[in-house]
Amino acid sequence: MDIKYSPKNLEASIYKKWMDNNCFSAKDLKSNYSIVLPPPNVTGTLHMGHAFQHTIIDILIRYNRMLGKSVLWQPGTDHAGIATQLVVENNLAREGKTRHDIGRKGLIDEIWKWKEKSGNTIISQTKRIGSSADWSRNRFTMDDGLSDAVKKVFITLYNEGVIYRGNRLINWDIKLQTAISDLEVTNVEKIGYLYHINYEIKDSEEILTVATTRPETLFGDTAICVNPNDERYKNLINKKAKLPLTDRLIKIISDDSIDMDFGTGCVKITPAHDFNDYKLGKKHNLEFINILNKDGTFNNNVGDKFKGIGIHESRELILTELKNMGLLGKIEDYKTTIPMGERSGEIIEPLLTDQWFMKMEDLAKPAIDAVKNSNIKFVPKNWEKIYFNWLDNIEDWCISRQIWWGHRIPAWFDKDDNIYVGNDEDEIREKYKINQDIELIQDNDVLDTWFSSALWPFTTLGWPENTEELKKYYPTSVLVTGFDIIFFWVARMVMMGIKFLDKVPFKTIYIHGLVRDSEGKKMSKSVGNVIDPIDIIDGIGLDSLTEKRISNLVQPKLKNKIIKKTKDEFPDGIQPYGADALRFCFCALGSTGRDISFDLKRIEGYRNFCNKLWNASRFVYMTTNDYNYEDKIKFDDLTTYEKFIIIKLDDLVTEYKKHCTSYRFDLMANSLYSFIWNEYCDWFVEISKVEIDNKNEYTKNVLIYTLQIILKLCHPIIPYITEEIWNEMNSLGYTKDQILMNAKFPSQQKIFKDDAIDIEVSLLKEFINKIRKTRSDLNVHPKIKIDLYCFSKHDLIQKFLSNNNSIICSLLKVETIYINEDSFDIDECITVSLENLKIYIPIKNTIDIKTEKERLLKSMINLKVNLSKIEAKLNNKNFIEKAPSEIIQSNFNKQKFFEKEIASVKDLLECLSD
RNA sequence: GGGUGAUUAGCUCAGCUGGUUAGAGCACCGCCCUUACAAGGCGGGGGUCGUAAGUUCGAAUCUUUCAUCACCCA
């Protein structure tokens, strides 16, 4: 092993070793464990969120593989329709081209090229993180097999009437010129205005004032609506009003749903351009007038004056016109929510178009039941509520998109718009007996990306073929994903899984948080706070990092701000921390599903931990290389501390397993960290040096044994370093297993707990800690050896002192320990007392008596406060009567403890006054 | 408007089936380059657990109020 731990040098070769030895593919074993990777979008590169998710999955996968299960991690990528097409269109735009210049086939060819590039980057990044996915089974949502499955599902659902074509109001993205689903729309709160517009009433002198936030949709109005109980307007119901800027007369209707307190209590109804109005329009049989072209400009249904103007540009013009006509009343400030397209960032317009829909209600029911009946469990459980809430109120899903990249809808139309659904044109002609002279045209639209994603857990396993993999690995064991796609993806997979395989797609859904930057902000390209996980692994200079962050900025004006912020946060760029440190960090941050603020300071600590493990291993190998390791531990032959470490190690295995099955990765990481650093390194390794000096050869066996188990426990989290250290373990002949990732996970030994061991070890630690503290308090130089005079009448204590004599001497830099039953006078000494034991330390140096006294007085106060708290409790009659006896007893013990502490501090103080 | 979660040390977070002297890592202070490790060792300081009330012998933990923040749905 190298003297220095440098992750960069070892990680590449280790991954290759695993690949060469075919470690990632599933072995045919009895019990199965499988996870499908949430397929990353082929829109570019992986971000921190992916790295986090992949780490969690890899931990579960490696752990279960070591448990001896037949494990499949199914990887793949998603074509991500709109998102990917946008990326490629943006690239075209840089060359001054649009998709229309190169046509449908040309664009799709371009996107496939992009997909190759991006897909490969994603795979190599995923590998770099250490993911042990079965790459031989890598899938893409637009692979032939998966595409066939998509068609089959569409056709089946169409034939069952679940998928239908309808003319409905949908969310229309005028920039992308496609329909999008409700989920792809985000509502942004904005300060806007409420405009009051006056309408003349037909055959009347009266004026009706309507309040609206969207005056520009006026051309599509087909009614005015008031509340039937509104006394102000009762007389106007069923009369007609003149629609400004047009010649049309529209009806005044009434409906209970109108809020009398909103605006004037009088609202305009635009059934073809507003979701609420759409419902009212249906209910009251109103006319639906579409006023928009697909690109968001006004069509022929508005007057010539406004035709061709973009709806978002038209408001001012219309208001001016209304004002000139004297029809514009007051304008109030008003907070509104504006629907924005998630991908395009454009304002979304409701538009009446022909689209394909999926009926959801019947599909949702079994998906709800599956979670209610605990066939699927959410971890953490509170996400169930969100899941139920959405499914309980589910609306039909608009599945067609007017873009080019994706699964083309397997439907054909003849010239009379009759619909034929099937796998291909030939099949349809044959089935419906349509001869060649009737022209059939395939629907131009493609399916929503999430349609194919919803099938991912079974299409990747070969469905609709009943493959061995499908039988073996479906349902998968757990889904690891973020809460942001519970509706988009998770719920739909559950519905489709139950529908087509009659079984839920996974038994557990582990929901993790989002990775944010160190200030808790969402990492986003436009803010310029993105960190590439690979840059943390391999390191990056400040210049390259800055360059990455400011290239292709959406808002170039932020450039200087981003440059400055990056320089402030990473003055020297990012060091190469290695994949293991990053993984351990993610593991330690993987608590109960809350968001993660990612701070490089944290990862540095875990890199140091890896370094610690590295050096501890080096120590073990250096001290044992001449030793004949025996695989089994002869427990009875061990020293007390050796027994202690073996018991602790066993506890660690138990704890680890518990945390892993309850998805508490943070606790798992913490228990490993503290055992290895604070128990194994700080105590056991130090003590082993003493033992080895004393010719206790067997302690080497314990060193190696413990390290072996530590490596196994650590491996799922930090696979590279552990594999490398294991390599040495194997070449030294300490194990026959050549590859750690294939080794068997340690089983619990269930060694009997022995109280005497605990007592002796805690006494040893207390003894050492106290003297260390005293040394430090008295400012005794670490190199100076001291003598200890110990006085105790207790046999056990005397035995303890002689048993642990060399450990104490070594760890405390003690020359000689004098043991005696009775105390005697020694000049110039400090007293330290433990239970049933008094220790004198002759002071050879002068000490700063004043500071020391102050310190002792302070701790005295602290102790007295604590004691008085306990005493107050014990003097409380109610406490004695009502509290359980063990609590009372423990308080008595505490009382005793504090009294003793106080006495000992008092002793020390007296010593100092002499 | 409805919902969910959060608020604990300077920072990031554990702890919440009520009983610990309220923990960890990082940061900070002191001593030490001791033969695995200065990416280290040893020691130390630092928190009235967001606010106000309630239940209880006992509340960071349970109930309620308010405040602030974040997210989701409409």
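Below, chains carry the letters A, B, ... as their sequence lines are ordered, and counting in each starts from 1. Keep in mind the model is a prediction, meaning the values are calculated, not measured. Only heavy atoms go into these numbers, but all of them, side chains included; no hydrogens, no water, no symmetry mates.
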TODO: In plain terms, say whether A/Lys689 and A/Asp693 are close enough for a salt bridge, that is, a side-chain N and a carboxylate O under 4.0 Å apart.
DONE: no
Open item on the list: Between B/U61 and B/G19, how far apart are the two P atoms, rounded to whole Å?
Closed with: 11 Å
- [ ] Could you work out which one of B/G43, B/C37, B/G19 sits closest to the side chain of A/Ile887?
- [x] B/G19
Open item on the list: Taking only side-chain N and O atoms of A/Thr623, does any of them lie within less than 4.0 angstrom of OP1 or OP2 on B/A36?
Closed with: no
- [ ] Could you give the distance separating B/A22 and B/A9 at their P atoms, to the nearest angstrom?
- [x] 14 Å
Task: N or O in side chain of A/Lys385 less than 4.0 angstrom from B/G5 OP1/OP2 - done: no
- [ ] Specify the separation, in whole Å, of atom CZ of A/Phe879 and atom P of B/G19.
- [x] 12 Å
- [ ] For A/Asn678 and for A/Glu686, find the nucleotide of RNA chain B with the closest heavy atom, then tell me which residue's nucleotide is more 5'.
- [x] A/Asn678
Task: Distance, C1' atom - from B/G5 to B/G45, rounded to whole angstrom - done: 34 Å
- [ ] Rounded off to whole Å, could you give me the NZ-to-P distance for the A/Lys894 and B/U20 pair?
- [x] 5 Å
Task: Pairwise P distance, B/C49 and B/U20 [rounded to whole Å] - done: 14 Å
Task: Among A/Trp383, A/Tyr510, A/Trp390, A/Tyr387, ring-ring contact (aromatic ring centres under 6.0 Å, His included) partner for A/Phe483 - done: A/Trp383
TODO: Could you tell me whether the phosphate oxygens of B/C57, OP1 or OP2, come under 4.0 Å of any side-chain nitrogen or oxygen in A/Lys882?
DONE: yes
TODO: Could you say whether A/Met622 or A/Val185 is positioned toward the 5' end of RNA chain B, judged by the nucleotide with the nearest heavy atom to each?
DONE: A/Met622
Task: Value in whole Å for how far the P atom of B/G41 lies from CZ of A/Arg772 - done: 11 Å
- [ ] Can you tell me which stems involve RNA chain B, if a stem is defined as three or more consecutive Watson-Crick or G-U wobble pairs, both distances under 3.5 Å?
- [x] B:1-7 with B:67-73, B:10-13 with B:23-26, B:28-32 with B:40-44, B:52-54 with B:62-64
Open item on the list: Of the options B/G25, B/C42, B/U21, whose atoms approach the side-chain atoms of A/Tyr673 most closely?
Closed with: B/G25
